[in-house]
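In each ligand, atom 1 is the first atom listed, and ligand 1 is the first ligand listed. These numbers come from a predicted model, not from an experiment.
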Amino acid sequence: MQDALREACALLQQGEVVALPTETVYGLAADAFNPEAVAKVFAAKDRPTFDPLIVHIASRGDLKTVALVPEEIAETVDQLTAAFWPGPLTLILPRHPDVPDLVTSGLPTVAVRQSAHPVFRAVNKALGRPLAAPGANRFGSISPTSASAGVKELGGRVPLVVGAGACSEGLESTIIAIEPREGKKPVFKLHRAGPVTKEQLQAFGRVEKVRDPVGQAPQAPGQLASHYAPRTPLVLLANPGEFKPEPGKRYGLLSYTGADDGPYVLLHDWDCIECLSPGSGKLAEAAIRLFFVMRQLDEAGLDFIIAEPVSEVGLGVAIMDRLRRAAANQSNHL
Ligand code: TXA
Ligand code: MG
């Protein structure tokens, strides 16, 4: 591993990109202060440059090198970073002028977090510079939560994928912007649901969802309605009674618990069933497994993936957000 870390640092110093594990998903990292390196991130992912990147810092103290924290929210930023960093919470803050336009897609704000993954942190620290890193997937496709998935997405397009097993969270970070309120707790605008839940954030402020961009031009660009999508059409089936299978087609079920007597499992003679939470039926396990399971179903030669909804509490909000986006480019209605 030491050799891989050294190689990663050397490549990043030369202005190359490297895929690295984070606790959420594998990321494709570049020196955030080097616009040519950042351009390679967009190229390797086929990502449009209107979709800005998250900047990862090695320590809380480095925040001031990439963002200008306004006085009105300084205390809240301190509280949030003390509570959730290093970890899967991304803050949208006014950008520091040193951050290249390409990183923020020209926005006056920058998205920042500190990763909790030991490998990512070690590289970030050794490099001594912030790392711009989106997920290490081709634009719009399923995020990689293992080294092999990272290689499948970007192998041959990037000089190095550093492997460190499966990601411990499995879903991309929660993204919020902070709006101060005179004499009251601030409002957190939730740009993306993720591992840090609304319930956890509510201790520090009021959480409001940013208007959903389905069918609208993207205002938080990466929040495109269709995202994280398998190539196989995925249908989020809210009501099992509405399932009308076409004869001769192969259907796979993305089940929550996979329980033999569950209404979704019993609905059809499925070609395959994959379970989000085969063990305990817990949302944390489901979050970790979601992209992995989606990928398995995508590789199973099915005509359709039918996904069972999970309850929208805690981590279930982020899981349902990803399932809706995975389903959003399907014209199929069952
Ligand atoms: O967990 C994560 O956040 C992973 C790991 C690698 O850290 N990264 C990740 O990056 O998910 P990406 O590029 O897939 O998602 C970044 C999101 C996009 O939706 C983008 O639009 C949003 O962050 N974003 C970045 N800068 C922004 C800004 N200034 N204002 C609003 N949204 C922003
Ligand atoms: Mg992504």
Is a salt bridge present between Glu179 and Arg181, judged by a nitrogen-to-oxygen distance below 4.0 Å? no
Taking 4.0 angstrom as the limit and counting only heavy atoms of Ser173, give me the atoms of ligand 1 inside it, by number and element. 1 (O), 2 (C), 3 (O)
Any idea which atoms of ligand 1 are less than 4.0 Å away from a heavy-atom of Gly135? 8 (N), 9 (C), 10 (O), 12 (P), 14 (O)
Looking only at heavy atoms of Glu169, does any of them come nearer than 4.0 Å to an atom of ligand 1? no
Ala133: heavy atom below 4.0 Å from ligand 1, yes or no? yes
Is Thr104 near ligand 1, meaning one of its heavy atoms is under 4.0 Å from it? no
Does a side-chain N-to-carboxylate-O contact under 4.0 Å join Asp3 and Arg6? yes
Look at ligand 1 and say whether Arg47 reaches it with a heavy atom at a distance under 4.0 Å. yes
Tell me the side-chain hydrogen bond (donor to acceptor under 3.5 Å, both in side chains) pairs involving residues 77-89, sequence neighbours left out? Arg60-Thr81
If the cut-off is 4.0 Å to any non-hydrogen atom of Thr109, which atoms of ligand 1 fall inside it? 28 (C), 29 (N), 30 (N)
Quick check on side chain to side chain contact (heavy atoms under 4.5 Å, CB included): which of Val38, Val41, Leu160, Leu154 does Val17 satisfy it with? Val41
With a 6.0 Å cut-off on ring centres, are Phe243 and Tyr264 close enough? no
Do Glu172 and ligand 1 have an N or O pair less than 3.5 Å apart? no
Look at ligand 1 and say whether Arg113 reaches it with a heavy atom at a distance under 4.0 Å. yes
Run through Leu201, Thr90, Thr197 and flag the one making a side chain to side chain contact (heavy atoms under 4.5 Å, CB included) with Thr174. Leu201
Ring centers of Phe50, Phe42 separated by less than 6.0 Å: no
Using a 4.0 Å cutoff against the non-hydrogen atoms of Thr24, which atoms of ligand 1 qualify? 1 (O), 2 (C), 4 (C), 5 (C)
Quick one: look at Arg192 and ligand 1, take heavy-atom pairs under 4.0 Å, and tell me if it's side chain, backbone, both or neither. side chain
